Amino acid sequence: QVQLVESGGGLVQAGGSLRLSCAASGPTFSRYGMGWFRQAPEKEREFVAAISWSGITITYADSVKGRFTISRDNAKNTVYLQMNSLKPEDTAVYYCAGDLSGRAEYGSRKYDSWGQGTQVTVSS
């Protein structure tokens, strides 16, 4: 398993932007499909975006499509989530996750490695 550490969360006003990073340790990062999930208080964890090991396949939740962009840099062992036009309903703890299958998976159960999360708060 890779070890994952998220960063870049914070407090931002509605309409603003944040860029989350997820740094991975270990030599096998480039084989992993990577995903971003989020969990708001008293809600279940939900899928946000995913990217395959090659970066060719990318999927988004409908709620973030057109506003968020997932990308990866395998040379830096890092995956990113650029979040624009943020809304108060985007407030949540954001987690990155790794799937050794290499695919861009929607379901959280497909992922075998998880970070500790980073808080994103969007004020109205």
Side-chain angles (χ1 to χ4, degrees):
Q1 292 183 344
V2 291
Q3 305 299 312
L4 303 173
V5 179
E6 303 95 335
S7 62
L11 174 64
V12 64
Q13 288 188 334
S17 298
L18 282 174
R19 187 196 197 199
L20 305 184
S21 298
C22 174
S25 63
T28 59
F29 171 77
S30 62
R31 296 167 52 189
Y32 277 73
M34 298 298 297
W36 285 97
F37 292 78
R38 66 187 183 186
Q39 187 167 17
E42 300 182 353
K43 291 189 176 180
E44 293 188 355
R45 189 171 297 187
E46 65 174 359
F47 171 78
V48 175
I51 186 168
S52 63
W53 70 272
S54 63
I56 292 176
T57 302
I58 291 176
T59 62
Y60 294 100
D62 288 343
S63 59
V64 307
K65 204 171 291 184
R67 300 188 298 122
F68 290 11
T69 302
I70 188 171
S71 62
R72 67 188 298 158
D73 185 337
N74 287 343
K76 295 182 178 180
N77 278 16
T78 302
V79 62
Y80 304 97
L81 186 69
Q82 177 66 44
M83 305 186 294
N84 298 328
S85 302
L86 282 161
K87 304 175 181 180
E89 51 263 44
D90 294 319
T91 295
V93 177
Y94 283 71
Y95 299 89
C96 71
D99 172 17
L100 191 53
S101 79
R103 294 187 289 267
E105 293 285 358
Y106 178 89
S108 61
R109 294 183 179 182
K110 298 289 187 178
Y111 292 85
D112 20 63
S113 300
W114 290 84
Q116 82 290 347
T118 186
Q119 177 71 46
V120 171
T121 303
V122 184
S123 63
S124 57

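Keep in mind that this is a model prediction, so the values were computed, not measured.
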Next on the checklist: Quick one: does any side-chain atom of Glu6 pair with a main-chain N or O of Gly117 as donor and acceptor, under 3.5 Å?
Outcome noted: yes
Next on the checklist: If you count every heavy atom of other residues, nucleotides or ligands that lies below 6.0 Å from Arg31 atom CZ, does the total exceed 12?
Outcome noted: no
Checklist outcome for this item: Scanning both residues in full, the closest heavy-atom pair of Ser85 with Ser17 reads N-OG, 4.4 Å
Next on the checklist: Would you call the rings of Phe47 and Tyr106 parallel, tilted or perpendicular, taking 30° and 60° as the class edges?
Outcome noted: tilted
Checklist entry - Hey, is NZ on Lys43 packed in by over 12 heavy atoms from elsewhere, all under 6.0 Å? => result no
Checklist entry - Got a donor-acceptor contact below 3.5 angstrom from the Asn74 side chain to the Trp53 backbone? => result yes
Checklist entry - Taking atom OG of Ser30 and atom CG of Asp73, what is their separation to the nearest 0.5 Å? => result 11.5 Å
Checklist outcome for this item: Interatomic distance, OG@Ser71 vs CZ@Arg19, rounded to 0.5 Å, equals 6.0 Å
Checklist outcome for this item: In this structure, CZ of Arg103 is separated from CD of Glu105 (nearest 0.5 Å) by 5.0 Å
Checklist entry - If you group Ile, Leu, Val, Met, Phe, Trp and Tyr by side-chain heavy-atom gaps below 4.5 Å, do Val5 and Tyr95 land in one group? => result no
Next on the checklist: Restricting to non-hydrogen atoms, name the atom on Ala14 and the atom on Ser124 that form the minimum distance, rounded to 0.1 Å.
Outcome noted: CB-CA, 4.4 Å
Checklist entry - So, do Thr91 and Gln119 sit near enough that their side-chain heavy atoms are less than 4.5 Å apart? => result yes
Item to check | Atom of Lys110, atom of Asp99 and distance for their closest heavy-atom approach | outcome: O-OD1, 3.1 Å
Checklist outcome for this item: Residues at least two apart in sequence or cross-chain that pass side chain to side chain donor-acceptor pair (under 3.5 Å) with Glu46, listed by chain then number, are Arg38
Checklist entry - If only atom types and distance count, is the side chain of Gln82 paired as donor or acceptor with the main-chain N or O of Thr69 below 3.5 Å? => result no
Checklist entry - Below 4.0 angstrom, N of the basic side chain to O of the carboxylate: do Asp62 and Lys65 qualify? => result yes
Checklist entry - Measuring from Ser101:OG to Tyr111:OH, what's the distance to the nearest 0.5 Å? => result 8.0 Å
Item to check | Gln39 side-chain N/O to Ala92 backbone N/O, donor-acceptor pair under 3.5 Å | outcome: no
Checklist entry - Which other residues end up in the same hydrophobic cluster as Leu81, if Ile, Leu, Val, Met, Phe, Trp and Tyr are linked when side-chain heavy atoms come under 4.5 Å apart? => result Val2, Leu4, Val12, Leu18, Leu20, Phe29, Tyr32, Met34, Trp36, Val48, Ile51, Ile58, Tyr60, Val64, Phe68, Ile70, Val79, Met83, Leu86, Tyr94, Leu100, Val120, Val122
Next on the checklist: For the CD atom on Gln13, are there more than 12 heavy atoms of other groups (residues, nucleotides or ligands in this structure) within a distance under 6.0 Å?
Outcome noted: no
Checklist entry - Of all residues at least two apart in sequence or in a different chain, which pass the side chain to side chain donor-acceptor pair (under 3.5 Å) check with Ser52? => result Ser54
